[in-house]
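One is the number of the first residue; the rest follow in order along the sequence. These numbers were taken from a predicted model, which means no experiment stands behind them.
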Amino acid sequence: MTLEVVVLAAGEGRRMKSDTPKVLHQLAGRPLLAHVLGAVRALAPSRIVVVHGHGGERVRGAFPEADLEWVEQAERRGTGHAVAQALPRLDPRADVLVVYGDVPLVRSETLRRLVDEVRGGLAILVAEAPDPTGYGRIVRGEDRRVVRVVEQPDATEAETAICEVNTGLLATSVAHLARWLSRIGSANAKNEYYLTDAVALAVDDGVAVATVRAPDWTEVAGVNSRGDLAALERAFQRREAAALLAAGVSLADPERLDLRGTLACGRDVWIDVGCVFEGRVQLGDRVRVGPYCVLRDVSVGADTEVLAFSHLEGAQVGARCRVGPYARLRPGARLAERVHVGNFVEVKAAALGAGAKANHLAYLGDAELGAETNVGAGTITCNYDGERKHRTVIEDGCFIGSNATLVAPLRLARGTYVAAGSTVTQDTPPDSLVFGRAHQTTKAGRRSRRS
C-alpha cells in the first residue's frame, strides 16, 4: 500500500528560550527537522506533509525541497488537532506514518519496522524511558494487550509509575486515522486534542494495536530544552564514533569527536581529540589528524599528516603531505603529493606542486607553485589591487627567500631565486637571481636616548 508521512513541526519550544523555531535548532550541524526528513525519505513515501506553526515562514524557507507539502497549524490545540490539519492532503487509500520534527535521532530502520506492523490496524512506537516524566504511559490489560495511552497530567499514581511510554510515533491507514480524529475530544487536563486518544478508540473499534519497541531511548527522545539538545548531540556523536571504530578508524577519545556531515576513511586512519568534521570529508589510508583540527569539505590523500590546530576547508590534499600545525587551507587550495604547509601558513585558491614547501608564516593566495618550490617565512602573494584579484605563477624549482613580497600579476620562471626581503613586481627569466630591496643605510655613533 502507498505510504504517506505527516511530520509535526509546529512546536514553539518555549523552554529553548530562543527566537529560533525549535525544529531549526542544530544537531550535528543540521536542523533537527533535517534529520527527521532524512529518516522518512529513506522510506520513499509518496507524500510528506509538514505541519508548521511558530516561525512557519522561517521553517519553510529553510526547506525549499519540492517533495514537501506544508500545512499551517495556526491555533495549536494538541497533536490530534495538528494531524487533523494535514488530513485533507492525504490519500484516503494510503497508509500514513506520523512523526515529530524534534525527534532527530530516529532511524529509518525503526520507522520501517513500525510501518510494516500496520497490517490493517494501528502500530505505535513505544520505549522504556529512563525517566518517563512528561511522556504518555502505555496502559496494558491483563492479557498484556494495549488498552490506551494516558498522558501524564491525566494519569493516576499507579499509571505514573509505568516506565513504558508512548513516543508519539504511529502508523495506520488514513481511513482509520480520519475516523478516530473525528471522535477525539478535548476533555483533559490541557483541554487539547491528543493524538494518543486514537489508541483507545482503535481498541473500542476492535482494530488491532501493535507495539514496536525502540531499540535505544535516545532514538526516540525529543528536544524540549537546551539540555535535551546537548544530550542528543552527544548521543549522536557516540553513535558516529562507534561506527568509525567498527570500520577500523582509531580515535584517541570517542567522546571528543564531532561529526557534522559525512566522513569516509581508508585503512588505519588515526584521529586525535577535539577534531571537527563538517560537510563531506574523505581521508585516505594511514592519514593522521592531530588534535583540535577542523576539516570541512576536504579530501586528504594517503599517508598525509594534518598536525594540531589546523583548519582545512574546500581543499584537496595529496598523498604524503604534511599540513600544520596551525595551518589554514581555504577553498580552492590544492596540494600535490609531498607538499609541506607549516605553521601559520594560509593557502587560498592556490595549487602547490609536488614537493613544494611553505613551512612557516606565509600567505599564498590565487597562486600556482611549481614542483620543489621553497617559500620562505614571511612571504606573501599580493593578489588584490583593490578592485580585482590577480594570479601569481611560480614555476618549478624556485626559491623564495624570507619576507618576500610578490606583487601579482607575476610569473617567476623556473629556477628563479628571490633574495630575502625583496619586493618583486616584474616577471623573471629562468634561473635568475632577483633582488628587490632598498639599500641599507647605517649611521655610526648614535647616542642612546636614555643617556
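Applying the side-chain hydrogen bond (donor to acceptor under 3.5 Å, both in side chains) definition to pairs two or more places apart or across chains, those involving residues 395-406 are E395-R411. The stretch residues 214-224 participates, sequence neighbours left out, in these salt bridge (charged side-chain N to carboxylate O under 4.0 Å, His left out) pairs: R107-E219. Listed by first and then second residue, the side-chain hydrogen bond (donor to acceptor under 3.5 Å, both in side chains) pairs that reach into residues 267-281 are R260-E278, E278-R296, sequence neighbours excluded.
Within the 4.5 Å cutoff, the side chain of Y100 has no heavy atoms near those of the V106 side chain. H25 places none of its side-chain heavy atoms less than 4.5 Å from the side chain of V223. In this structure, E305 and L307 have side chains that are in contact, with non-hydrogen atoms separated by less than 4.5 Å. Using a 4.5 Å cut-off on side-chain heavy atoms (C-beta onward), V96 and T172 make contact.
Residue L122 holds its CG atom at 11.5 Å from CD of E117, rounded to the nearest 0.5 Å. Interatomic distance, M16 CE to N224 CG, rounded to the nearest 0.5 Å: 8.5 Å. Annotation: the span from L90 atom CG to T2 atom OG1 amounts to 12.0 Å, rounded to 0.5 Å. Atoms CG and CG, from L32 and L232 in turn, are 8.5 Å apart once rounded to the nearest 0.5 Å. Rounding to the nearest 0.5 Å places CG of N383 at 4.0 Å from OH of Y363. Rounded to the nearest 0.5 angstrom, L105 CG and R239 CZ are separated by 5.0 Å.
With a 6.0 Å radius and a threshold of 12 heavy atoms from other residues, nucleotides or ligands, Q426 has its CD atom at or below the threshold. Annotation: R14, atom CZ; neighbour count of heavy atoms from other residues, nucleotides and ligands within 6.0 Å does not exceed 12. More than 12 heavy atoms of other residues, nucleotides or ligands sit less than 6.0 Å from atom CZ of F63.
Between the side chain of R256 and the backbone N or O of Y292 there is no donor-acceptor pair closer than 3.5 Å. Judged purely by atom type and a 3.5 angstrom limit, Q237 uses its side chain to pair as donor or acceptor with the backbone of L259. The backbone N or O of L3 lies less than 3.5 Å from a partner atom in the side chain of S46, making a donor-acceptor pair. A distance-only check finds no donor-acceptor pair linking the side chain of E4 to the backbone of I48 [under 3.5 Å]. In this structure, T381 contributes its side chain and R391 its backbone to no donor-acceptor pair below 3.5 Å. No donor-acceptor distance shorter than 3.5 angstrom exists from the side chain of S422 to the backbone of V424, with no hydrogens or angles considered. For the pair T110 (side chain) and A214 (backbone), a donor-acceptor distance under 3.5 Å is absent. Side chain of R437 to main chain of A420: a donor-acceptor pair is present (N/O by atom type, distance under 3.5 Å, no hydrogens or angles).
Taking a cutoff of 4.0 Å between a charged side-chain nitrogen and a carboxylate oxygen, R320 and D303 do not qualify as a salt bridge. A salt bridge does not link E240 with R238: none of the charged nitrogens is closer than 4.0 Å to a carboxylate oxygen.
Classified by interplanar angle (parallel below 30°, tilted 30° to 60°, perpendicular above 60°), the ring pair F399/Y417 is parallel. Aromatic ring pairs are classed by plane angle as parallel below 30°, tilted from 30° to 60° and perpendicular above 60°; the pair W217 and Y135 is perpendicular.
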Item to complete: Kindly determine whether E313 and R328 satisfy salt bridge (Lys or Arg N to Asp or Glu O under 4.0 Å), including the steps that lead there.
Response: CA-CA 8 Å; E313 177 183 3; R328 185 181 183 194; 5.2 Å; no
Item to complete: Evaluate the criterion side chain to side chain donor-acceptor pair (under 3.5 Å) for residue pair T428 and T416; output intermediate values, then yes/no.
Response: CA-CA 7 Å; T428 67; T416 295; 2.8 Å; yes
Item to complete: Just do the salt bridge (Lys or Arg N to Asp or Glu O under 4.0 Å) check on D228 and R15 with the steps written out, would you?
Response: CA-CA 10 Å; D228 292 341; R15 281 186 280 165; 5.3 Å; no
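Shortest non-hydrogen contact noted between P132 and V165 is CB-CG1, 3.6 Å.
For the side-chain contact (heavy atoms from CB on, under 4.5 Å) test, residues two or more places apart in sequence or in another chain that qualify with H81 are Q73, R77, Q85, Y193. Listed by chain and residue number, nothing satisfies the salt bridge (charged side-chain N to carboxylate O under 4.0 Å, His left out) test with R388 (two or more places apart in sequence, or in another chain). With sequence neighbours left out, the salt bridge (charged side-chain N to carboxylate O under 4.0 Å, His left out) criterion links R89 to E69.
Shown are L295, D258, V294; of these, the side chain to side chain contact (heavy atoms under 4.5 Å, CB included) with F277 is made only by L295. Just one of V7, L170, V5 meets the side chain to side chain contact (heavy atoms under 4.5 Å, CB included) condition when paired with V98; it is L170.
Using modelled atom types, one finds a donor on one side chain and an acceptor on the other under 3.5 Å when comparing T133 with D131. At a cut-off of 3.5 Å, with distance as the only test, a side-chain donor of Q440 or T442 sits close to an acceptor on the other residue.
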